[in-house]
Amino acid sequence: MNRCPFFIFLAAVCFASCSHEQSVKSLLTPFEASDSTQTATYDETIQWWRDLEKTSPYVCVRAFGDTDAGLPLHAILINSSRNFNLETIQKNGKLKWLINNGIHPGEPDGIDASMLFAREILSDEEFKNTYNDIVIMIIPVYNVGGALNRNCCSRANQNGPESYGFRGNARNLDLNRDFTKADSKNAQSFIELFATWNPDVYLETHVSNGADYPYTMTYLLSHPDKLTPPLDKYVGQTLSESLLEKMKARNDEMIPYVNLFGSPPDSGYSSFYDTPRYSAGYTALHNSIGVLTETHMLKPFKQRVESTLNFLHALGETLIADAAEIKESRAKADEFLAQQSEFVIDWEIDRSKSEKLHFNGYRAYYDTSSVTGELQLYYDRSAPWEKQIDYWAHLKPLKKVTAPSYYLVPAAWNEVVHRLTLNHVEMTLLPEDTTLMVTSYKISDYKTSPQPYESHYYHYDVSMEVSTEDVKLLKNSYYIIPAQQRAKRLLVEMLEPQAPDAYFNWNFYDEILQQKEWFSSYVFDPEASQLVKNEVIAAKLNVYVDADTASRDNARSKLAFLYEQSTHYERNRHMIYPVFRIE
Ligand SMILES: [Zn+2]
């Protein structure tokens, strides 16, 4: 199987008809042509990038991968050395920066700002020197179906543009919850691209919701506490400080993403816990730095696009300055990961230690709503304030596991195998029938969301009984997956059922939660009467009946309990998590 069609696709040489900064400079964007009132449509966006490709020899536009809308994704490579072959780019040591726009096409600022950014850096006479150590890849519109579903009004809180795309993709999926479960073709194409391209830094552009405050730009980084050392230090200190400083120098002061809905920032707020379903959590699994822009929805569209453009320059300048440090930090993080055996798989906000954040806000007040009759939060923009507020920046570990030497993943659950393959996980099919000593999990309890969430009935609060046993495994029935590989952290967080975004929690293994065979009471009752002659089983039945009052007078419940003690019960299947560990 060819896992890297993208290599071949981009290996095609991009020819540019001419090369001079003036022609690049004259390429107006739809945003500019509309006097900053419109965001480019999907067709206009792709056309603009194709026009840029014709104008600049440093730009290559290629389609790759499917989307649920039936149209391909596009990627634009910008490389001063004019190499557009992903395979050879990997070898030349440049820093790789991936920019992803339009994941939520109702939040289109980055779609337009990326065009302006590319044009500005390419029309700079110093481009070849300035961007000598960085290759940029831009996905102009990730959620193609959402971009095509253009409308005037689905962003109730947003100040422009006049029309924009929709949050859900062609299947109404939120792609920024889809990086691990990968229900959408968009996500599957993205994952394959990400694994192939292995970017050092990933930027995704958004528009925020929530509280009101004066800042246009807020930003979010892969949570430093979750990053592998020394990336945690680089992101938490150097990168964060550089971005804040460079935005301030552009007279566009920003603040960490204001993670508040329904309450004002006066008494502080916490950082965002980015589990791997979100992009910044997903990139962290690969020791890649995730960065998100979240412009404030109530600021005018023009102001938001300009702020996103400022951020692109601020990040670009930071990456130019820090390219060597980032690559070195990443290499060390890979080394750390190779030695790492214990992994935190779930976190929570640490409320015991807050940092002081200098914040500019608007006076919040409550007034009785004429509609609901209840107190309603409002903001008074004529009454700004400035003070130190609490910022709960840190996470604390909730659950830890030790990585095994190998995972054994059943081939029959091909949807899981497919996702691991997209992530370039190395695995081999069991070559012959064998018996192995494994650690196995029996799911003893879990909760399930009563409402569908992103096309799943999500599980959480999973607990398991752990046991060690010899299991007979048939040839070709299992993939042997060494944990010691680049995807080590991804494997742990996808295959350990207590990790919040584990495949188990996204219903990929729900088959094992259902019992397949049953019994007729009139047939089993005589056998059950023999079973209770066993003192141990009789004692267990008493404990069960005592603990579960509903079963006390329920004959079927008692028989069902005894059935579970009998040889008929499918104890190697029912509630047995089918992924095994070899320690
Ligand atoms: Zn968004």
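Both ligands and their constituent atoms are indexed starting at 1 by order of listing.
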Test salt bridge (Lys or Arg N to Asp or Glu O under 4.0 Å) applied to Lys226 and Asp274, step by step
CA-CA 9 Å; Lys226 289 174 65 226; Asp274 51 351; 3.4 Å; yes
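- Under the 3.5 Å distance criterion, with hydrogens and angles disregarded, no donor-acceptor pair is assigned to the side chains of Asn169 and Lys185.
- Angle ND1 (His104) to the Zn ion (ligand 1) to ND1 (His206): 100°, rounded to 10°.
- Residues Arg381 and Tyr213 have side chains that never bring a donor and an acceptor to within less than 3.5 angstrom of each other.
- Because the distance cut-off is set at 2.8 Å, Glu294 fails to qualify as a neighbour of the Zn ion (ligand 1), as none of its N, O or S atoms comes that close.
- Between the Zn ion (ligand 1) and the N, O or S atoms of Glu107, the shortest distance is to OE1.
- The CD atom of Glu454 lies 7.5 Å from the CG atom of Asp178; values are rounded to the nearest 0.5 Å.
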